[in-house]
Amino acid sequence: MKIQIINGPNLNLLGVREKSIYGDSSFESYLEKIKAQYSDVQIDYFQSNKEGELIDKLHEIGFSYDGIILNSGAYTHTSIAIGDAIAAINTPVIEVHISNVHKREAFRHHSMLAANCVGVIAGFGLNSYRLAMEYFVSQ
Ligand code: DQA
């Protein structure tokens, strides 16, 4: 099984950025833990701050992987283009968020991506990614 995790803008600063919301762990150290936990799954990781690069990655792997765990950061709330890319590919996508976006500002309540995703997991800290992994491995 091949799973791609994709993180969007500002998520390269996890562990540094707004720790009261996003926690104090870097994504790289969390990734080591999740890889050890799912050692029989190929887990690839990509992060970009650029909308077009996120779309290119979805196109590149979206016809050959078994699942995509996508945290598009703020592009979640704005990007018709990422929503269209999810609709264009075959691989199922789960939208994840570290924070509970529904408890936050109103502009974070809407997703331009969710309608094209299998589901949305939000508010469980970095565990949101593990919960998405659980869905894919249970398929
Ligand atoms: C986020 C929530 C978004 O609203 C925000 O812009 C982010 C991170 C989350 O993981 O909680 O950058 O996607």
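Every number for a ligand or one of its atoms is a count from 1 in the order of the listing.
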Picking from N7, I34, I69, what satisfies side chain to side chain contact (heavy atoms under 4.5 Å, CB included) with Y45?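 Looking at N7, I34, I69, the match for Y45 under the side chain to side chain contact (heavy atoms under 4.5 Å, CB included) is N7.
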Please determine which of I121, I3, L31, I98 meets the side chain to side chain contact (heavy atoms under 4.5 Å, CB included) test together with Y129.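 Of the listed options, the one satisfying the test is I98.
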Can you pull out every salt bridge (charged side-chain N to carboxylate O under 4.0 Å, His left out) where at least one residue sits in residues 22-32? Sequence neighbours excluded, please.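 Applying salt bridge (charged side-chain N to carboxylate O under 4.0 Å, His left out) to every pair that reaches into residues 22-32, excluding sequence neighbours, yields nothing.
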Tabulation required: pairs of a nitrogen or oxygen in ligand 1 and a protein nitrogen or oxygen under 3.5 Å; columns are atom names and distance to 0.1 Å; otherwise 'none'.
unit_1   : atom_1 : unit_2 : atom_2 : d
ligand 1 : 4 (O)  : H77    : NE2    : 2.7
ligand 1 : 4 (O)  : R108   : NH1    : 2.9
ligand 1 : 6 (O)  : A74    : N      : 3.2
ligand 1 : 6 (O)  : R108   : NH1    : 3.0
ligand 1 : 10 (O) : N71    : ND2    : 2.8
ligand 1 : 10 (O) : I98    : N      : 2.7
ligand 1 : 11 (O) : I98    : N      : 3.2
ligand 1 : 11 (O) : S99    : N      : 2.8
ligand 1 : 11 (O) : S99    : OG     : 2.6
ligand 1 : 12 (O) : R17    : NH1    : 3.2
ligand 1 : 12 (O) : R17    : NH2    : 3.1
ligand 1 : 13 (O) : N71    : OD1    : 2.8
ligand 1 : 13 (O) : H97    : ND1    : 2.8

Which heavy atom of L58 sits nearest to which heavy atom of A85, and what is that distance?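 Looks like CD1-CB, 4.0 Å.
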Using the side-chain hydrogen bond (donor to acceptor under 3.5 Å, both in side chains) criterion, which residues pair with E60? Sequence neighbours excluded.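 With neighbours one apart ignored, the set is K57.
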Sequence neighbours excluded, which residues qualify as side-chain hydrogen bond (donor to acceptor under 3.5 Å, both in side chains) partners of Y75?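 Residues passing side-chain hydrogen bond (donor to acceptor under 3.5 Å, both in side chains) with Y75: none at all.
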